[in-house]
Amino acid sequence: NSSNVGNNSPTYTISGVARNDNGSKISCIVSNGKADPVTSKQVELNVENIPPKIKKDPRDERVNEGETVTFSVEAGGTELNYKWLRNGNPINSATSAEYKLIASSRDDGARFQCVVNNDVGEAISKAAILTVLYRVTYVKKEGNGYIPPKTHYAQGESVPLPILTKDGFEYLGWSIDSDDGTAEYGPDDTRHTMESKKVTFYAVWTIKPPKIIKHPSDIRVKEVEEEATFSVVAEGIGLKYQWYCIHPAQTKGFPIDGAESANYSDNVLYDENDGSQYYCVVSNEAGPVTSDKATLTVLYKVSYDGNGAT
């Protein structure tokens with residue numbers, strides 16, 4: 001289709017030549033208003049594409065497993081086509097300057113690059129490496145101690161193993177449950193190298209044996225008139241108590257019926273109790289511990305009459 005651009009100049013300039021200008025036929029009609037106008041020969045405009053050139057390569061990305069990651073490329077040229085590759089293989093439907101995916105374990109270490117082309121050339125971006133960070137979960141079972149706030153680590157990274165405390169328990173380390181199986185770390189181990197996709201650390205505890213804080217003390221009481229109370233102070237989890245008595249004529253202690261608390265009282269005091277020894281066995285799941293022996297001294301009553309003491 002012919003049209004009059006009305007340039008009225010021996011020179012005609014087309015600004016911003018576009019691909020759809022290709023094949024345009026251009027001629028010039030020259031006139032002076034006195035003679036018939038004359039028309040120049042037609043020339044045809046041939047518009048060629050600009051070859052693609054990568055201006056900005058996609059960059060390496062580190063994301064948590066399950067998160068969306070976006071790779072992008074910036075290229076110069078005209079009528080560009082895009083094709084993304086994963087480890088050198090074309091990705092279906094990845095045909096724009098951006099490529100998005102939800103990161104999974106199989107993508108860890110994958111290389112992504114983009115091929116940009118048109119009908120006059122091709123350019124390939126540098127490869128960007130995707131690092132997928134795997135989740136670390138700490139299960140400390142109410143233990144006290146600082147748990148690192150970081151929850152995702154890349155393969156090969158070092159994961160800290162915090163040292164914990166828990167009243168009445170002894171910290172034995174961490175037990176690991178991962179995609180590669182289980183493992184055990186002792187109390188002196190402080191690091192774990194991330195090799196699996198997901199790892200759960202379980203704090204390992206054992207109940208401490210009871211510890212006697214205060215042993216029973218020797219007691220002096222009046223015969224019959226006073227009550228003797230022995231006590232023991234212990235620390236630990238799930239404590240049980242059993243008091244024993246060793247009479248002067250015996251070498252071995254016997255358990256006292258019903259004496260199963262931290263305190264034991266005896267208000268039937270006669271001379272046969274004098275010199276008896278009392279002790280307590282405190283126990284829990286970790287084992288027993290025995291207190292020191294405390295000696296009971298019974299004081300006898302002395303009375304006086306006119307003839308002297310009796």
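Only heavy atoms go into these numbers, but all of them, side chains included; no hydrogens, no water, no symmetry mates.
- Listed for the Ser31 side chain is no donor-acceptor partner under 3.5 Å among the backbone atoms of Gly33.
- Looking at Lys83, its side chain does come within 3.5 Å of a backbone N or O of Ile91 through a donor-acceptor pair.
- In this structure, the side chains of Thr297 and Asp274 come closer than 4.5 Å at one or more pairs of heavy atoms.
- With Trp205 as the aromatic partner, Lys166 meets the cation-pi criteria of under 6.0 angstrom to the ring centre and within 45 degrees of the ring axis.
- For Asp189 (side chain) and Gly186 (main-chain N/O), a donor-acceptor pair under 3.5 Å exists by modelled atom type.
- Distance OG1/Thr229 to CG/Asp266: 9.0 Å, rounded to 0.5 Å.
- Separating the CG atom in Leu80 from the CD atom in Glu122 is a distance of 12.0 Å, to the nearest 0.5 Å.
- What you find for Gln250 and Cys245 is that their closest heavy atoms are OE1-O, 4.3 Å.
- A single hydrophobic cluster is not seen to contain both Ile219 and Leu299; linkage of ILVMFWY side chains at heavy-atom distances under 4.5 Å, directly or through other members, places them apart.
- Val232 is not listed as a side-chain neighbour of Asn263, based on a closest heavy-atom distance of 4.5 Å or more.
- Using a 4.5 Å cut-off on side-chain heavy atoms (C-beta onward), Leu133 and Glu65 make no contact.
- Using modelled atom types and a 3.5 Å distance limit, the side chains of Ser104 and Asp107 yield a donor-acceptor pair.
- A salt bridge between Arg111 and Glu61 is absent, with no side-chain N of the basic residue lying under 4.0 Å from a carboxylate O of the acidic one.
- Ile207 and Val282 sit in two unconnected hydrophobic clusters of ILVMFWY residues. Membership requires side-chain heavy atoms under 4.5 Å apart, directly or through other members.
- Within a 6.0 Å radius of CD1 in Ile213, other residues, nucleotides and ligands contribute more than 12 heavy atoms.
- In terms of heavy-atom proximity, Lys252 sits nearest to Ile246 at C-CG1, 4.0 Å.
- Using a 4.5 Å cut-off on side-chain heavy atoms (C-beta onward), Asn87 and Phe112 make no contact.
- Contact annotation: the side chain of Pro216 approaches that of Trp243 to within less than 4.5 Å [non-hydrogen atoms, C-beta and beyond].
- Between Tyr278 and Phe230, the ring-plane angle classifies as parallel under the 30° and 60° cut-offs.
- Note on Leu161 and Ile147: same hydrophobic cluster, where clusters join Ile, Leu, Val, Met, Phe, Trp and Tyr whose side-chain heavy atoms are under 4.5 Å apart, directly or indirectly.
- Glu44 CD: more than 12 foreign heavy atoms inside a 6.0 Å radius.
- Residue-environment remark: CZ (Arg59) stays at or below the threshold of 12 foreign heavy atoms within 6.0 Å.
- Between the side chains of Ser276 and His247, a donor-acceptor pair is found at a separation under 3.5 Å.
- Between Leu130 and Asp60, the closest side-chain pair of non-hydrogen atoms is not below 4.5 Å.
- The shortest heavy-atom contact between Pro209 and Asn284 is CA-OD1, 4.0 Å.
- Side-chain contact between Asn81 and Val116: absent, with no pair of heavy atoms (C-beta onward) separated by less than 4.5 Å.
- Inter-residue side-chain proximity for Val73 and Trp84 is flagged as met; some heavy-atom pair is nearer than 4.5 Å.
- Val289 and Leu239 fall within the same hydrophobic cluster, where Ile, Leu, Val, Met, Phe, Trp and Tyr residues are linked whenever their side-chain heavy atoms come under 4.5 Å apart, directly or through other members.
- With Tyr134 as the aromatic partner, Lys198 does not meet the cation-pi criteria of under 6.0 angstrom to the ring centre and within 45 degrees of the ring axis.
- Distance alone, capped at 3.5 Å, places no donor-acceptor pair between the Trp174 side chain and the Val139 backbone.
- Between Ile50 and the choices Asn118, Val120, Thr78, the side chain to side chain contact (heavy atoms under 4.5 Å, CB included) rule is met once, by Thr78.
- Taking the charged nitrogens against the carboxylate oxygens, Lys150 and Glu157 do have a contact shorter than 4.0 Å, which makes a salt bridge.
- Of the possible polar contacts, one joining the Ser40 side chain to the Cys28 backbone as a donor-acceptor pair under 3.5 Å is found.
- The two atoms that bring Asp218 and Lys293 nearest to each other are OD1-O, 4.2 Å, heavy atoms only.
- Around the CD1 atom of Ile102, the shell of radius 6.0 Å holds no more than 12 heavy atoms that belong to other residues, nucleotides or ligands.
- Checking Ser175 against Glu184 by side-chain atom types alone, a donor-acceptor pair falls below 3.5 Å.
- Ring geometry, His192 versus Phe201: the interplanar angle exceeds 60°, so the pair is classed perpendicular (tilted spans 30 to 60°).
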- Can Val199 and Ile176 be said to form a side-chain contact (heavy atoms from CB on, under 4.5 Å), step by step? CA-CA 7 Å; Val199 177; Ile176 296 180; 3.4 Å; yes
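- Scanning all heavy atoms of the two residues, the minimum distance from Met194 to Arg135 falls at CE-O, 4.0 Å.
- Put simply, NZ on Lys214 and CG on Asp292 are 13.0 Å apart, with the number rounded to the nearest 0.5 Å.
- Within a 6.0 Å radius of CD in Glu67, more than 12 heavy atoms belonging to other residues, nucleotides or ligands are found.
- Distance alone, capped at 3.5 Å, places no donor-acceptor pair between the Asn46 side chain and the Gly23 backbone.
- Here the shortest heavy-atom pairing between Pro160 and Pro148 reads CG-CG, 3.4 Å.
- Under the side chain to side chain contact (heavy atoms under 4.5 Å, CB included) test applied with Phe169, the options Ile237, Leu164, Thr206, Val204 reduce to a single match, Ile237.
- With values rounded to the nearest 0.5 angstrom, Ile163 atom CD1 is found 7.5 Å from Thr190 atom OG1.
- Counting heavy-atom neighbours within 6.0 Å of Asp257 CG, excluding the residue itself, gives a total of 12 or less.
- Taking SG from Cys280 and CD1 from Ile212, the interatomic distance works out to 6.5 Å, rounded to the nearest 0.5 Å.
- A distance of 6.0 Å or more separates the ring centres of Phe71 and Tyr99.
- The hydrophobic cluster containing Tyr153 does not contain Tyr202, counting ILVMFWY residues as joined when their side-chain heavy atoms lie under 4.5 angstrom apart, directly or transitively.
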- Message: Does Ile14 form a side-chain contact (heavy atoms from CB on, under 4.5 Å) with Ile26? I'd like the steps, not just the answer.
- Response: CA-CA 11 Å; Ile14 303 175; Ile26 302 171; 4.0 Å; yes
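- Side-chain atoms of Ser125 come within 3.5 Å of backbone N or O of Cys114 as a donor-acceptor pair.
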- Message: As a quick check of understanding, evaluate side-chain contact (heavy atoms from CB on, under 4.5 Å) for Tyr171 and Thr165, giving each step before the final call.
- Response: CA-CA 6 Å; Tyr171 166 72; Thr165 60; over 6 Å; no
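- Of the inter-residue distances, the one linking Thr70 atom OG1 with Leu101 atom CG reads 8.0 Å to the nearest 0.5 angstrom.
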